[in-house]
Amino acid sequence: MVVIAEDTLQLTFKSGWHAIKFDDTPWYAVSSNLSAHGVKAMDITALGPDGHHWWIEIKDCVDYEADNLPRLALTPPPEVKATQTWANDQGWKPLVEAKRAKLFVADEVLQKVVGTVAALTAAARAPATDAHAAAVRPFVAAGIAGSRWNVVLLLTWNIPDYGRLASRLKTALEQRLRAFDVTCHVVNEHSAAPALPWTARRVTP
């Protein structure tokens, strides 16, 4: 079995699965030079013995709910709009754009899926002698027509009505990732999507 830790969350994949912490791989983080130029990547890519791909983005917000609340809002908070209005009134519209500090989480996942696809495409084109590229090439097949591909937002959020939040974010992911023909899921460490290939548990740091 493969065990991957992200902060205090630990994911244990079923036997026969190949899973890596993609954003920590030497190919993405160093060799490809993509990370250094702002290209974002998914936290984990996993490939099952049946050829199904699962790409996972982890947002562990337990005890940091207030800090992360803005990233769950589809529209920017009023403070951002007010700041932009003020900048426009100063005549700075062509020069200044006010943005929230963190993207809406579904937009961030889209950004990371696109970045991971780009990193894997580059790995597929790298010389056969490049060991770092070779280590991630098994995941290139996710972008090929006919491959089963699941994108998961593993969002830990300590609220009673997690199901409603998950449903809203799942719809937002489906809208943004429609072109990729993926199945989207939003889960936490206590809820599971059908056929989820891992178990998650909280560990003491």
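A heavy-atom distance below 4.5 Å is not found between the side chains of Met1 and Lys14. Looking at Leu165 and Asp161, their side chains never come closer than 4.5 Å, going by heavy atoms from C-beta outward. In this structure the side chain of Glu108 reaches within 4.5 angstrom of the side chain of Arg71, judged on heavy atoms. Side-chain contact between Leu169 and Phe104 is present, with heavy atoms from C-beta onward closer than 4.5 Å. Counting heavy atoms from C-beta outward, Ile56 and Val152 have side chains that approach closer than 4.5 Å.
A donor-acceptor distance shorter than 3.5 angstrom exists from the side chain of Arg176 to the backbone of Ala172, with no hydrogens or angles considered. Using modelled atom types, no side-chain atom of Tyr28 and backbone atom of Met42 make a donor-acceptor pair closer than 3.5 Å. Listed for the Trp27 side chain is a donor-acceptor partner under 3.5 Å among the backbone atoms of Ala119. In this structure, Ser147 contributes its side chain and Gly143 its backbone to no donor-acceptor pair below 3.5 Å. The backbone N or O of Phe22 lies less than 3.5 Å from a partner atom in the side chain of Thr25, making a donor-acceptor pair. Side chain of Asp50 to main chain of His52: a donor-acceptor pair is present (N/O by atom type, distance under 3.5 Å, no hydrogens or angles). Checked by atom type and distance alone, the side chain of Arg100 pairs as donor or acceptor with a backbone atom of Pro70 at under 3.5 Å.
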Applying side chain to side chain contact (heavy atoms under 4.5 Å, CB included), run through Trp55 and Ile44 and close with a yes or a no. CA-CA 6 Å; Trp55 290 11; Ile44 298 171; over 6 Å; no
Can Phe139 and Ile20 be said to form a side chain to side chain contact (heavy atoms under 4.5 Å, CB included), step by step? CA-CA 10 Å; Phe139 302 98; Ile20 57 174; 3.4 Å; yes
Side chain to side chain contact (heavy atoms under 4.5 Å, CB included) between Val62 and Arg202, worked out: CA-CA 11 Å; Val62 170; Arg202 186 75 57 177; 3.5 Å; yes
Stepwise side chain to side chain contact (heavy atoms under 4.5 Å, CB included) test for Leu173 and Val186: CA-CA 9 Å; Leu173 286 176; Val186 178; 3.8 Å; yes
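Atoms CD and OG1, on Gln175 and Thr171 in that order, are 6.5 Å from each other to the nearest 0.5 Å. Once rounded to the nearest 0.5 Å, the distance linking CG of Asn150 with SG of Cys184 reads 8.5 Å. Asp60 contributes atom CG, which lies 7.0 Å from atom CD of Glu189 (distance to the nearest 0.5 angstrom). Here the straight-line distance linking atom CG of Leu34 with atom OG1 of Thr116 works out to 10.0 Å at 0.5 Å rounding. Between atom CG of residue Leu11 and atom CH2 of residue Trp17 there is a gap of 12.0 Å, rounded to the nearest 0.5 Å. Here the straight-line distance linking atom CG of Asp130 with atom CZ of Arg137 works out to 6.5 Å at 0.5 Å rounding.
Taking the six-membered ring wherever Trp is involved, the centroid distance between the rings of His185 and Trp54 falls below 6.0 Å.
Classified by interplanar angle (parallel below 30°, tilted 30° to 60°, perpendicular above 60°), the ring pair Phe13/Trp198 is tilted.
Under the rule for a side chain to side chain donor-acceptor pair (under 3.5 Å), His18 has no partner lying at least two apart in sequence or in another chain. By the side chain to side chain donor-acceptor pair (under 3.5 Å) test, Thr45 pairs with no residue at all, sequence neighbours left out.
Connection of Trp92 to Val80 is not established within any shared hydrophobic cluster, with ILVMFWY side chains joined at heavy-atom distances below 4.5 Å, either directly or through further cluster members. Leu72 and Ile58 fall into different hydrophobic clusters, where Ile, Leu, Val, Met, Phe, Trp and Tyr side chains are chained together by heavy-atom contacts under 4.5 Å. At a threshold of 4.5 Å between side-chain heavy atoms, the hydrophobic network of Ile, Leu, Val, Met, Phe, Trp and Tyr places Val140 and Val114 in one connected group. Note on Leu120: it clusters hydrophobically with Val113, by side-chain heavy-atom contacts below 4.5 Å among ILVMFWY residues. In the hydrophobic cluster analysis, where Ile, Leu, Val, Met, Phe, Trp and Tyr join through side-chain heavy atoms closer than 4.5 angstrom, Val117 is grouped together with Leu177.
The environment of Arg168 atom CZ is dense: over 12 non-hydrogen atoms of other residues, nucleotides or ligands sit within 6.0 angstrom. Within 6.0 Å of CG in Asp181 there are 12 or fewer heavy atoms belonging to other residues, nucleotides or ligands.
Closest of all the heavy-atom pairs between Trp157 and Leu69 is CH2-N, 3.7 Å. Scanning both residues, Tyr162 and Val187, for their nearest heavy atoms gives OH-O, 2.9 Å. In plain terms, the two heavy atoms of Thr156 and Cys61 that are nearest each other are OG1-N, 2.9 Å. Across all their heavy atoms, Ala29 and Asp23 have their closest contact at CB-O, 4.1 Å. Shortest non-hydrogen contact noted between Gly16 and Pro49 is O-CD, 3.4 Å. Across all non-hydrogen atoms, the minimal contact from Ala123 to Val136 is CB-CG2, 3.6 Å.
Ionic pairing of Lys59 and Glu57 is present here: one or more N-O contacts between side-chain nitrogen and carboxylate oxygen are shorter than 4.0 angstrom. Salt bridge Glu174/Arg178: absent, no basic N to carboxylate O contact under 4.0 Å. Between Lys21 and Glu6, at least one side-chain nitrogen of the basic residue sits less than 4.0 Å from a carboxylate oxygen of the acidic one, meeting the salt-bridge criterion.
Among the candidates Val3, Thr199, Ile4, the single residue satisfying the side chain to side chain contact (heavy atoms under 4.5 Å, CB included) test with Gln10 is Val3.
The ring pair (Phe, Tyr, Trp, His ring centres under 6.0 Å) pairs that include a residue from residues 58-81 number zero, where partners must be two or more places apart or lie in different chains.
With 3.5 Å as the limit, one finds no donor-acceptor pair spanning the side chains of Asp107 and Gln111.
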